[in-house]
Peer 1: 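Can you keep this structure in mind? I'll have questions shortly.
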Amino acid sequence: VIFSAVGMNELSGVVLKKSRIMAVILLILPSFAVISFIHNYFNHYSEESGMYWDLSYKELFDYVGQVEGKYEKVVFFPKAVSDFSIPHVFLLYYLKYPSKEYLWEGGSRVCDFGHTASYSFGKYEFRSSGCRNDNSIVNKESFPQDSLIVDRGNSDLRARARPIKVIKDKEGRLLLEVYDSNRFKTD
């Protein structure tokens with residue numbers, strides 16, 4: 001930022017001496033960038049990243065924190081390139097999971113375009129989907145007994161059991177569903 005400011009200052013000094021039109025252009029371009037940023041921030045940002053800021057994750061992890069003691073595993077199904085692609089970050093934050101333990105147990109894995117691959121730490125398991133180079137098995141058919149499962153509205157899971165918790169956004173749209181594997185119907 002400092003180098004850019006010094007560079008712009010020097011450039012505007014040189015240009016101002018040679019041409020007033022170029023000086024005006026140098027003032028208009030950064031102004032346009034600032035106005036564009038402000039417009040996007042106030043008009044589009046909340047829609048595009050609303051899940052992260054409308055407390056849906058907080059509601060989820062408040063609930064998980066209350067009931068996780070009843071379960072051996074908590075299984076998440078994040079999906080790459082979605083607004084539920086990084087639940088581990090919010091889990092670490094809201095449940096105050098010790099960062100040293102998280103890193104000691106291996107942290108998360110990156111699969112594709114910076115999205116996390118399947119991995120686990122503590123009692124938390126993340127079975128990612130949507131990663132091209134993730135060879136781990138993303139299996140929504142088998143769960144350990146006594147598991148709490150969190151997914152984004154999956155009809156296959158809904159056919160096996162009713163969710164024990166449904167999380168919706170401010171407009172009432174379905175965001176996440178929480179299931180108890182002990183309630184799944186067996187064939």
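Numbering starts at 1 and runs along the sequence shown.
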Peer 1: Will you find, in the side chains of Tyr57 and Glu59, an N or O donor that is under 3.5 Å from an N or O acceptor?
Peer 2: no

Peer 1: Atom OH of Tyr94 and atom CG of Leu60: how far apart are they, to the nearest 0.5 Å?
Peer 2: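 Going from OH on Tyr94 over to CG on Leu60, the span is 10.0 Å.
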
Peer 1: Donor-acceptor pair, Asp180 side chain versus Leu148 backbone, under 3.5 Å?
Peer 2: no

Peer 1: Taking atom types as modelled, find out whether Tyr97 and Glu105 have a side-chain donor-acceptor pair closer than 3.5 angstrom.
Peer 2: yes

Peer 1: Compare every heavy atom of Ile164 with every heavy atom of Arg183, then report the nearest pair and how far apart it is.
Peer 2: NH1-CG2, 3.0 Å

Peer 1: Do Val150 and Val75 make a side-chain contact, defined as non-hydrogen atoms from C-beta onward lying under 4.5 Å apart?
Peer 2: no

Peer 1: What orientation do Tyr102 and Phe121 show, parallel under 30°, tilted 30 to 60°, or perpendicular over 60°?
Peer 2: perpendicular

Peer 1: For the atom pair NZ (Lys165) and CG (Asp62), what is the distance rounded to the nearest 0.5 Å?
Peer 2: 9.0 Å

Peer 1: Where is the tightest heavy-atom contact between Gln145 and Ser181, given as atom of each residue plus distance?
Peer 2: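 Taking every non-hydrogen atom into account, C-OG, 3.9 Å.
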
Peer 1: Is Phe90 close to Lys58 at the side-chain level, that is, under 4.5 Å between some pair of heavy atoms?
Peer 2: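 Heavy-atom side-chain distance check fails, nothing below 4.5 Å.
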
Peer 1: Provide the closest heavy-atom pair for Leu174 versus Lys168 in the form atom of the first, atom of the second, distance.
Peer 2: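 Looking at all heavy atoms of both residues, the shortest contact is CA-CG, 4.2 Å.
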
Peer 1: State the OH-CZ distance between Tyr179 and Phe77, to the nearest 0.5 angstrom.
Peer 2: 11.0 Å

Peer 1: Can you name the nearest heavy-atom pair linking Glu68 to Lys123, along with the distance?
Peer 2: O-NZ, 2.7 Å

Peer 1: Verify the cluster assignment for Tyr41 and Phe32: are they in a single hydrophobic cluster under the rule of side-chain heavy atoms below 4.5 Å apart?
Peer 2: no

Peer 1: Please assess Val178 against Ile149 for the test side-chain contact (heavy atoms from CB on, under 4.5 Å), listing each intermediate value before the final yes or no.
Peer 2: CA-CA 6 Å; Val178 181; Ile149 294 105; over 6 Å; no

Peer 1: Asp151 versus Leu176: any side-chain heavy-atom pair under 4.5 Å?
Peer 2: no

Peer 1: With a 4.5 Å limit on heavy-atom distance, are the side chains of Tyr71 and Ser147 in contact?
Peer 2: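 SC-SC contact between Tyr71 and Ser147 ruled out.
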
Peer 1: Aromatic ring centroids of Phe76 and Phe61 under 6.0 Å?
Peer 2: yes

Peer 1: Rounded to the nearest 0.5 Å, what's the gap from CD1 on Ile35 to CD1 on Ile28? Could you check?
Peer 2: 10.0 Å

